[in-house]
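Note sheet for the following structure.
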Amino acid sequence: MVRVRFAPSPTGFLHIGNARTALFNYLFARKNKGKFILRIEDTDKERSKKEYEEAIIEDLKWIGIEWDEGPDIGGEYGPYRQSERIDIYKEFAEKLLKEGIVYKCYCTKEELEKTREDAQKKGLPPGYDGKCRNLTKEKISQYEKEGRSFVLRLKVPEEKIEINDLIRGKVIFEGENLTDFVIMKSDGVPTFNFAVVIDDYLMKITHVIRGEDHLSNTPKHILIFKAIGAKLPFFAHMSMTLGPDRTRLSKRHGATSVRAYREEGYLPEAFFNYISLLGWGTTESKEIFTKEELIEEFSLERCHKASAIFDKEKLLWMNSYYIRKTELDKIYQLSIPFLKKENLIEDMVDKEKEEYIKRAISLEQEKIKTLKEVPFLIEFFLKEPEYEKENYEKLINYGTKKILGEIVSILENIDNFKKEDIEKKIRDYCREKGLKTSDVFHPLRFAVSGRTKGPDLFGMIELLGKEKTVERIKKLVI
RNA sequence: GCCCCCAUCGACUAGUGGUCCAGGUCACCACUCUUUCAAGGUGGUAGCGCCGGUUCGAGUCCGGCUGGGGGCGCCA
């Protein structure tokens, strides 16, 4: 049975790169009829926040990723929060200490800094020199007497480590770059490297799918797996997600959290779909996928080794594509919070108004790129337009006033106030008067909506209704 | 500094030795449709980082170089 996990640390909102890691794990699990586990890595007491855990969970759900085991729903292998598993790590650590696989290191911050510098000077990796590996009894009791705190370090053997990565193939690390690393901090909390391995082992994780930034940590993990006598899981290191300048996607590149995109009015389906295309593709170069299709098509073999740049423009296109293809009802529902925020609707919207807004949205649907744009695009249907001076001067003058005045009487005489009739009557008028349609349509659009661009003129007039339309034109012209 | 990974249009990718004077999508440009803005349609600009090697033949295999990324913490 395939078991994979996504293990974010709650030190901020869900990052796009992490969302992609979560997504790939999720797809892999579903594709292989396995389990997808959510685990919270909150061993960094300083930076971890409960609010972030909640936010991450919320955003994962928003994207459409569901898990089978996790801190919120429990499961057979819990707890799923590392802060609640401290005793478990301690137990493993004590066992390793007894076996002589790890040892106590009493070095102070200053000492460590110095050994690090020395190592650098010698052209060695800036790690630990193993000073405390073989301390004499006397030395140990001296340190204890001084009340020095200690950490637990793993005795790193000098051997080369091979990884058979499912995405990258064989990766070989020659031993000498690894130094004895910390597995338990002086406060009794495990380091990330130790906790992941213990958890992956106990939670029976079969495939560790994570970002390439963990590739260099993998030898450490393998060493720990071996130390506790556990079987290795499969590893798959996915390419990274970069910003437009080819560096790690970060705040400098603008919004990097899933939350931000959600608030900008992106559809989860579009986000899900776009993210899946980063570092992965099918032979047909297909672009639009439903969740089900993605699950069906996904495979680690088709994951790219090279990192991918997150392209906001393409996401935006995909979002507008999804908005165009989504049923009006749903777009309306999703737009409500955005309309409320702009004070265009009240908490309660009656059926009539709902229909009215839906029709307004439908007139603009093909143009909406994000839900956040909806209020602006349909604003003039819900409140009186403001007429910008510059456009007013361009479009409203003696001649067009006269035309608009005549349009008013035409509109007033239309009984069946439907766009086909409205259009026909106005076009007839243009022909009779020998006017270019554009000389009539543009001022009319402006008079009715206060805009120089907008939805289909006649659809707009129909929806606004005879009374409102006439009122607006009169107000502007007379 | 040391170790590891990577390399096809500006971006995401297809391509697994000949069918590739490299295909699709976004972006960009032009034309078209048109009452505006979009959407749509048609067409276009643009790429195998470089140097060697293997081979009858290389985007595709091998080596080097260059470039980019990542790691080396009592962060995760």
Side-chain angles (χ1 to χ4, degrees), chain A residues 7-11 41-44 46-48 82 105 107 109 112-113 116 119-128 149-153 163 165 167-168 171-179 181-187 189-193 195-196 211-220 237 239-240 242 244 246-248 274 277-288 304-318 320-321 324 364-369 377 423 426-427 430 436-438 440-442 444-446 449 451-458 460:
Chain A
S9 51
T11 54
E41 307 218 326
D42 55 352
T43 53
D44 184 347
E46 304 286 304
R47 298 193 299 145
S48 295
Q82 288 187 333
C105 165
C107 291
K109 276 221 158 66
L112 290 175
E113 211 158 291
R116 211 168 296 151
Q120 292 256 39
K121 271 182 213 150
K122 287 185 214 152
L124 295 169
Y128 186 62
S149 60
F150 64 86
V151 299
L152 259 31
R153 288 185 187 270
I163 304 169
D165 194 278
I167 294 174
R168 272 147 225 288
V171 180
I172 299 167
F173 290 85
E174 304 291 346
E176 67 279 4
N177 204 46
L178 268 191
T179 60
F181 56 90
V182 176
I183 64 156
M184 288 294 267
K185 305 183 219 172
S186 54
D187 59 358
V189 175
T191 59
F192 155 77
N193 287 315
V196 225
E212 194 201 313
D213 46 341
H214 288 296
L215 186 55
S216 299
N217 286 323
T218 308
K220 292 179 185 171
H237 288 92
S239 60
M240 311 236 58
L242 270 28
R246 303 209 142 273
T247 64
R248 226 195 174 115
Y274 174 72
L277 260 28
L278 254 26
W280 179 84
T282 61
T283 50
E284 316 88 69
S285 295
K286 190 173 155 173
E287 303 268 320
I288 303 294
H304 249 224
K305 296 177 188 174
S307 40
I309 292 173
F310 179 76
D311 183 3
K312 280 186 209 144
E313 286 297 319
K314 188 157 179 177
L315 205 211
L316 188 63
W317 163 78
M318 194 169 275
S320 67
Y321 179 87
R324 289 196 298 274
E364 291 289 70
Q365 189 165 0
E366 62 195 11
K367 210 177 299 177
I368 306 169
K369 288 189 158 49
L377 289 169
E423 179 166 1
I426 293 179
R427 282 188 188 278
C430 292
K436 277 198 289 184
T437 52
S438 58
V440 177
F441 292 170
H442 292 308
L444 179 56
R445 169 184 301 285
F446 181 69
S449 67
R451 303 272 172 93
T452 55
K453 40 181 142 166
D456 165 60
L457 179 59
F458 307 104
M460 175 166 92

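Note on naming: letters A, B, ... go to the chains in the order of the sequence lines (proteins, then strands), and numbering restarts at 1 for each one.
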For every nucleotide of [range], 5' to 3': is a protein heavy atom under 4.0 Å from its base (B), only from its sugar-phosphate (S), or from neither (-)?
range	value
nucleotides 58-64 of chain B	-------
nucleotides 68-76 of chain B	-BBBBSBBB
nucleotides 36-47 of chain B	BBBSS-------

In Watson-Crick or G-U wobble terms, both distances under 3.5 Å, what is the partner of [N]?
N	value
B:rG1	B:rC72
B:rU42	B:rA30
B:rC21	none
B:rU16	none
B:rA7	B:rU66
B:rU36	none

Just to be sure I understand the rule, does A:Phe458 reach a base, reach only the sugar-phosphate, or reach nothing, if contact means heavy atoms closer than 4.0 Å?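 A:Phe458: base contact, heavy atoms under 4.0 Å.
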Please classify the nucleic acid contact of A:Glu287 as base, sugar-phosphate, or nothing, using heavy-atom distances under 4.0 Å.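 Here A:Glu287 touches the bases of the nucleic acid.
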Quick one: the side chain of A:Lys314 and the base of B:rU25, do they pair up donor-acceptor inside 3.5 Å?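 Answer yes: a donor N or O sits under 3.5 Å from an acceptor.
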Would you say the base of B:rG24 and the side-chain of A:Glu284 have a donor-acceptor pair closer than 3.5 Å?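 For A:Glu284, whose side chain was compared with the base of B:rG24, there is no donor-acceptor pair (under 3.5 Å).
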Could you pull out all residues at least two apart from [X] that satisfy ring-ring contact (aromatic ring centres under 6.0 Å, His included)?
X	answer
A:Phe150	A:Tyr106
A:Phe310	A:Tyr261, A:Tyr274
A:His214	A:Phe192

Give the C-alpha distance, both sets of side-chain angles, the deciding distance and a yes or no for side-chain contact (heavy atoms from CB on, under 4.5 Å) between A:Asn217 and A:Asn193. CA-CA 8 Å; A:Asn217 286 323; A:Asn193 287 315; 4.0 Å; yes
Is NZ or CZ of A:Arg451 both nearer than 6.0 Å to the six-membered ring centre of A:Phe446 and within 45° of the ring axis?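 No; the conditions do not both hold, so A:Arg451 does not lie above the ring face of A:Phe446.
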Tell me every residue that passes side-chain hydrogen bond (donor to acceptor under 3.5 Å, both in side chains) with A:Asp311, counting only those two or more places apart in sequence or in another chain.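 Partners of A:Asp311 under the side-chain hydrogen bond (donor to acceptor under 3.5 Å, both in side chains) test: none.
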Mind checking what makes side-chain hydrogen bond (donor to acceptor under 3.5 Å, both in side chains) contact with A:Asp44, not counting sequence neighbours?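 Per chain and number, A:Asp44 pairs via side-chain hydrogen bond (donor to acceptor under 3.5 Å, both in side chains) with A:Arg47.
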Counterpart residues, side-chain contact (heavy atoms from CB on, under 4.5 Å), relative to A:Ser285 (two or more places apart):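 Applying side-chain contact (heavy atoms from CB on, under 4.5 Å) to A:Ser285 gives none.
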Quick one: CZ on A:Arg445 to OG on A:Ser438, what's the gap to the nearest 0.5 Å?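 Rounded to the nearest 0.5 Å, the CZ-OG separation comes out at 12.0 Å.
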Salt bridge (Lys or Arg N to Asp or Glu O under 4.0 Å) involving [X] - partner list, sequence neighbours excluded:
X	result
A:Lys286	A:Glu293
A:Arg248	A:Asp213
A:Lys367	A:Glu364

Below 4.0 Å: OP1/OP2 of B:rA7 and any side-chain N or O of A:His304: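 No, A:His304 has no side-chain N/O under 4.0 Å of OP1/OP2 on B:rA7.
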Over how many whole Å does the gap from A:Lys312 atom NZ to B:rG10 atom C1' extend?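 Interatomic distance, NZ of A:Lys312 to C1' of B:rG10: 15 Å.
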Nearest-angstrom distance, P atom, B:rG59 to B:rG53: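 Pairwise P distance, B:rG59 against B:rG53, rounds to 15 Å.
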